[in-house]
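Shown next, in structure tokens, is the structure this report addresses.
All chains are named by letter (A, B, ...) in the order of the sequence lines, taking the proteins before the strands, and each is independently numbered beginning at 1.
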2 protein chains.
Amino acid sequence: MTVTLADVAARAQVSPATVSRVLNGNYPVAASTRERVLKAVDELDYVLNGPASALAAATSDLVGILVNDIADPFFGIMASAIQAEIGGPGGRAGGERLAVVCNTGGSPERELTYLTLLQRQRAAAVVLTGGAIEDAPHRAAMDVKLRKLAEAGTRVVLCGRPQAPETGAIALTFDNRGGGQELTEHLIGLGHRRLGYIAGPQERTTTRHRLEGHRAALAAHGIEEDPRWTVHGRYDRRSGYEATLELLRRDPSLTAVVAANDSVALGACAALRESGLRIPDDVSVAGFDDLPFSIDAVPALTTVRLPLAEAGARAGRIAMGREEAPADGIAVVRGELVVRGSTAAPRG
Amino acid sequence: MTVTLADVAARAQVSPATVSRVLNGNYPVAASTRERVLKAVDELDYVLNGPASALAAATSDLVGILVNDIADPFFGIMASAIQAEIGGPGGRAGGERLAVVCNTGGSPERELTYLTLLQRQRAAAVVLTGGAIEDAPHRAAMDVKLRKLAEAGTRVVLCGRPQAPETGAIALTFDNRGGGQELTEHLIGLGHRRLGYIAGPQERTTTRHRLEGHRAALAAHGIEEDPRWTVHGRYDRRSGYEATLELLRRDPSLTAVVAANDSVALGACAALRESGLRIPDDVSVAGFDDLPFSIDAVPALTTVRLPLAEAGARAGRIAMGREEAPADGIAVVRGELVVRGSTAAPRG
DNA sequence: AACGTCACAGCAAGCGCTTTCTATGTAGGG
DNA sequence: CCCTACATAGAAAGCGCTTGCTGTGACGTT
């Protein structure tokens, strides 16, 4: 029913072995033979059976990209850059690889299961993006899994995620702490002394690092932090909206709100505006990531730009073995403070 | 080196067949035996070889989701919803399936190649999202490919894409034309008579349909359209920015700008603002899709809401065979006009 | 008491491809 | 001219799993 290698071989009057070699192009095949085979392939409309060849060759051309939330441009941008480098079709940088993105939805189980699924498929490489979950058992399980993958010959790259020592994974880590610190220092420099902070979900490394940076800045300037000034939430707009209302309730005298990321910041802006406060006149707002829409907020968002696309591209190249991994298996990617209209000095 | 089914069998003192049956759980296996096998699996840390089982069973658990631009939330939201239904891990609605999203970047070749790659993997289902490319040869090639996939037992679902007759694909089509018409009618109702239109890329069905809706509205109200009022561009912010500047250059008397989608509309807003025009006082702006950030624009964007997540979920369910396909293989999904602050009556 | 029924478990034949090893034809080299 | 070398092509042994078919006891039935 379906056309197989053997059919092509028969039609081209050669052995299956020869057809395979033509298709994989690593073994010398006479030009005339090759042509005949290609013609047969074309005529029969033959499509290689992926599983069969993966089984026989003990490798596949699948490359997995794990993201926490595919609907979030933060991940979309990275995934896009990674995929562009993997080649997928079109890249034509050697063998065609099927770059696939897997959406974990931030769930530890799904993260693990996807990894198993990829392991099952004998994926050529896996790129994990975004922050990791800090839960100890999960982390241990992940480490084991990553090590296994690496041992099985799958290249593992972390993009925007802290290093996983002893797993053989290569890490491109974002300097969330440094970025957070710089951002808050900017605010302090403007004269703010009462700053609310809307953090992401508790158990994520990204959340913790950004928050640590924020606190480091406060500490460095001798500002004592009021516990009421920090609220945790999700990395989305809604969460920013609600958290801001909560912050305002707890301490209406805040002059600045620092958000875990740009989406959260947008929600914060909405909440402030609805509360009758002006930005930045009454309250300054800052985000993180510098996603495309941040410049369109009114006023435009002060934020920390993360080179998502560049980091993704690099991760992709490393995954493909087209770029050397950084020494020690880790490279720190810095963010850059981008000051725009949403932050200003507090009113006298 | 790697653990195989046979190893597990040996350890559990059963035949490989039994292990396979325990793992696939379709054939009766005594509880005690099953337990022993599971224990062995666990102890040996066995991971099924995907390619091997796909080869033997002649099907795989891969489900492909094709998107035009993964960095665009429009696709991210749909992909997310689809994936959630596919199960991926976590869904647990039967067999675990590896839902993978493939980024075509809007390129016809990549679209086709991804389809071949998925065909090669003997994917269980494929969901194509977003508008199609109208180029006739490409379309024909796609139709052939889709038909082949369907014939090979892969379920093919189109989400937000026009029907592909005779390919066996099930379509959930967005009513872009109707939405576009309603939107422009809203503007006309407000009193606008000179409306600029920033369209998407020429060759996409989405572009054409939205534009047709727009023109239908104009025609219905006897407004003759000036060819200078339409500019084509990409579906991104940048494009909206540039196109708006161009529109303004061509006819500074426009009182409204209708954009191909929300991102474009945001760019349009930026351009207008920088040109010293106020929204909606001087110029009204409207988008399409109602992506999450649209409500945060200032003023908030009037747009047409497309139930992206719902449509995606439905497509996912159909792909999994968990929901019946619509009669005739096609269902039209309507958008809903959402009026917000960016549109108002033109100044006297 | 003999036999048909079940409920399980095992055998073995592939699934379609890759790849090692071997065979063959041709071209120089001595 | 014969022999070694090289360039190709073929034969065949798997890769690890699924599954139709074939046992084999333990029961329940006449």
Ignoring backbone atoms, test whether [X] places a side-chain nitrogen or oxygen under 4.0 Å from the OP1 or OP2 oxygen of [N].
X	N	value
Asn24(A)	dT18(C)	yes
Thr33(A)	dA9(D)	yes
Ser15(B)	dG10(C)	yes

(message) Both Leu55(B) and Arg21(B) contact DNA chain C. Which one's nearest nucleotide lies toward the 5' end?
(response) Arg21(B)

Taking the side chain as everything from C-beta on, heavy atoms only, tell me whether [X] gets closer than 4.5 Å to [Y].
X	Y	result
Ile170(B)	Leu158(B)	no
Glu111(B)	His138(B)	yes
Arg161(B)	Thr206(B)	no

Name the closest nucleotide to the [X] side chain, picking from [options].
X	options	result
Asn49(B)	dG16(D), dC8(C), dA9(C)	dG16(D)
Ala17(A)	dG14(D), dT19(C), dT8(D)	dT19(C)
Thr18(A)	dG16(D), dG10(D), dT18(D)	dG10(D)

To the nearest Å, give me how far apart [atom1] ([X]) and [atom2] ([N]) are.
X	N	atom1	atom2	answer
Arg122(A)	dT18(C)	CZ	P	17 Å
Arg34(A)	dT8(D)	CZ	C1'	12 Å
Leu5(A)	dA11(D)	CG	C1'	15 Å
Gln13(A)	dA9(D)	CD	P	14 Å

Using a 4.0 Å heavy-atom cut-off, does [X] contact any base of the nucleic acid, only the sugar-phosphate backbone, or nothing at all?
X	result
Ala58(B)	nothing
Val19(A)	nothing
Ser20(A)	base
Val14(B)	sugar-phosphate

(message) side chain to side chain donor-acceptor pair (under 3.5 Å) for Thr113(B) and Thr116(B)? Distances and angles first, verdict last.
(response) CA-CA 5 Å; Thr113(B) 319; Thr116(B) 301; over 6 Å; no

(message) Please tell me whether Lys148(A) and Gln119(A) have a donor and an acceptor in their side chains that are separated by less than 3.5 angstrom.
(response) no

(message) Is it the case that the base of dA9(D) and the side chain of Tyr27(A) share a donor-acceptor contact (distance under 3.5 Å, atom types as modelled)?
(response) yes

